[in-house]
Amino acid sequence: MVRGTICRLLVRDVRFPTSLGGHGSDAMHTDPDYSAAYVVLETDAEDGLKGYGLTFTLGKGTEVVVCAVNALAHHVLNKDLRDIVGDFRGFYRQLTSDGQLRWIGPEKGVVHLATAALLNAVWDLWAKQEGKPLWKLLVDMDPRELLSCIDFRYITDVLTEEEAYEILQKGQVGKKEREGQMLMHGYPAYTTSCAWLGYSDDTLKQLCTEALKDGWTRFKVKVGADLQDDIRRCRLIRNMIGPEKTLMMDANQRWDVPEAVEWMSKLAEFKPLWIEEPTSPDDILGHAAISEALVPLGIGIATGEQCHNRVIFKQLLQAKALQFLQIDSCRLGSVNENLSVLLMAKKFEIPVCPHAGGVGLCELVQHLIMFDFISISASLENRMLVIQQK
Ligand SMILES: C[C@H](O)[C@@H](O)CC(=O)C(=O)O
Ligand SMILES: [Mg+2]
């Protein structure tokens, strides 16, 4: 049973100097310091449990997100946790509809990252009070209760609550077996850790050798800054992993639409499963055009790590602009909004391969994707998550 009134909210600016080693670097983010705005919620309940939530940032931006969390804090403080989760849709909408703060969103940018951090902390607290990991809380939840956490505003033209209910009802079949499968075998994963853009060829070779030794079979390489470098690095990694293993490429929004098509046509010989974020995350029709040109070459489009909200995902799906959908546990408005995107992806039969890798993301996203497999998608085909290589 959920319990207690939220009596304290702490938010910390946590940063790691990853830029010093080029870790996490790509064609647009050459000096990322992996960071997080980290929220801790305390209640007056005697159990002493706390809710921990975060959103991922790249360094200096963290102080701005911390400010936004503080600006939203009054929506959470002194609230009874039962009232929050008892009307989670209403609470999500209260946060995202703040009459003054929504002007600097709405449901996008810094204020939405702050919403994600706060709501992630609420979900964590709820799961802890129920004595379950988050994925299990979601899996065990009655479909109607689960749907009551989702704000369907702006997406009912593609997914009504009743359709979502039918999806969840169908997902009940074989649920126990899939849960057992997850506990026994886990979820398929890939690594990006060998091939950040700032790494030398020697580092790439060394990390790739270690990854192969550790049994990795799916690899992602950063591309997009210099074509000749990309050709050399992609050849190197493809030669090392062989023709059978899976290779993905990630351009982190570097290109114009025609440039993306031209560039990827030159990298097609390395047989990438997908090109990720080929252009601006806001350019839905641009993604559709790139997809139309590259799918015949066997290259899918993956995007989502910088998609603001469910509306952008809705339109990407409507426009057939992506073949792999990458939710982000800390950019969308927490579990609430991620649930709506998982359900839309199921309706369009597009596999979800979440974005992760940054501070806390791999840990968070496991819960969402396990729930997706057990209760929604019931499929592992063309699906994987990303885990940090040790
Ligand atoms: C700046 C981040 O490291 C970014 O490159 C992550 C990313 O695009 C990914 O993991 O995918
Ligand atoms: Mg990416």
Side-chain angles (χ1 to χ4, degrees), residues 14-37 54-62 65 113 189-199 203-204 207 211 216 218-225 229-230 233-234 237 246-255 260 264 267 272-283 287 290 299-308 312-313 316 322-332 351-366 368-369 383-389:
V14 183
R15 305 190 199 184
F16 300 90
T18 47
S19 61
L20 296 178
H23 315 302
S25 55
D26 62 52
M28 295 296 264
H29 312 99
T30 47
D31 60 348
D33 279 337
Y34 271 23
S35 310
L54 56 85
T55 192
F56 174 58
T57 42
L58 286 188
K60 281 184 261 188
T62 321
V65 182
L113 295 176
Y190 71 90
T191 177
T192 316
S193 310
C194 350
W196 298 113
L197 205 71
Y199 283 175
T203 303
L204 194 159
L207 292 173
W216 289 92
R218 303 171 186 89
F219 298 79
K220 191 163 85 184
V221 56
K222 294 287 178 180
V223 296
D229 278 352
D230 288 351
R233 285 158 49 84
C234 290
I237 193 164
T246 306
L247 182 63
M248 286 86 68
M249 299 180 185
D250 188 354
N252 288 89
Q253 313 159 23
R254 178 69 182 233
W255 303 314
M264 282 312 298
L267 297 182
L273 174 68
W274 77 51
I275 177 63
E276 181 171 322
E277 291 203 296
T279 193
S280 161
D282 299 349
D283 190 352
H287 277 84
I290 297 169
I299 306 171
I301 307 305
T303 194
E305 70 182 69
Q306 295 217 351
C307 282
H308 309 298
I312 302 284
F313 279 113
L316 285 164
L322 80 179
Q323 284 67 48
F324 301 90
L325 186 150
Q326 299 180 297
I327 51 165
D328 184 297
S329 54
C330 296
R331 182 169 295 278
L332 291 179
V352 176
C353 300
H355 168 246
V359 177
L361 298 184
C362 295
E363 288 74 14
L364 276 171
V365 98
Q366 293 177 41
L368 298 175
I369 204 63
R383 292 160 198 269
M384 56 192 122
L385 54 82
V386 54
I387 296 290
Q388 295 284 24
Q389 193 179 321

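Keep in mind it's a predicted model, so treat the numbers as computed, not measured. One-based numbering, in listed order, for ligands and for the atoms of each.
Using a 3.5 Å distance cut-off with no hydrogens or angles, the side chains of E277 and Q306 do not pair a donor with an acceptor.
For the atom pair OH (Y199) and OG (S25), the distance works out to 7.0 Å, reported to the nearest 0.5 Å. Atom-to-atom distance recorded for H287:NE2 and L316:CG is 6.5 Å, nearest 0.5 angstrom. Residue T303 holds its OG1 atom at 7.5 Å from CD of Q253, rounded to the nearest 0.5 Å. Note that CG of L58 and NE2 of H29 are 5.5 Å apart. Values are rounded to the nearest 0.5 Å.
In this structure, W274 and F324 have tilted ring planes: the angle between them lies in the 30° to 60° band.
In terms of heavy atoms, M384 sits closest to P354 at O-CD, 3.7 Å.
A260 meets the side-chain contact (heavy atoms from CB on, under 4.5 Å) test with W255, P278, I290; sequence neighbours excluded. By the salt bridge (charged side-chain N to carboxylate O under 4.0 Å, His left out) test, D250 is found to be paired with K220, K222, residues two or more places apart in sequence or in another chain being considered.
Shown are the protein N/O/S atoms under 2.8 Å from the Mg ion (ligand 2), given by residue and atom: D250 OD2, E276 OE2, E305 OE1.
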N/O pairs closer than 3.5 Å, ligand 1 and protein:
| residue | atom | partner | partner atom | Å |
| --- | --- | --- | --- | --- |
| ligand 1 | 3 (O) | G24 | O | 2.7 |
| ligand 1 | 3 (O) | Y34 | OH | 2.5 |
| ligand 1 | 5 (O) | D26 | OD2 | 2.4 |
| ligand 1 | 5 (O) | K222 | NZ | 2.9 |
| ligand 1 | 8 (O) | K222 | NZ | 2.8 |
| ligand 1 | 8 (O) | D250 | OD2 | 3.0 |
| ligand 1 | 8 (O) | N252 | ND2 | 2.8 |
| ligand 1 | 8 (O) | E305 | OE1 | 3.0 |
| ligand 1 | 8 (O) | E305 | OE2 | 2.8 |
| ligand 1 | 11 (O) | K220 | NZ | 2.7 |
| ligand 1 | 11 (O) | D250 | OD2 | 3.0 |
| ligand 1 | 11 (O) | E276 | OE2 | 2.8 |
| ligand 1 | 11 (O) | E305 | OE1 | 3.0 |

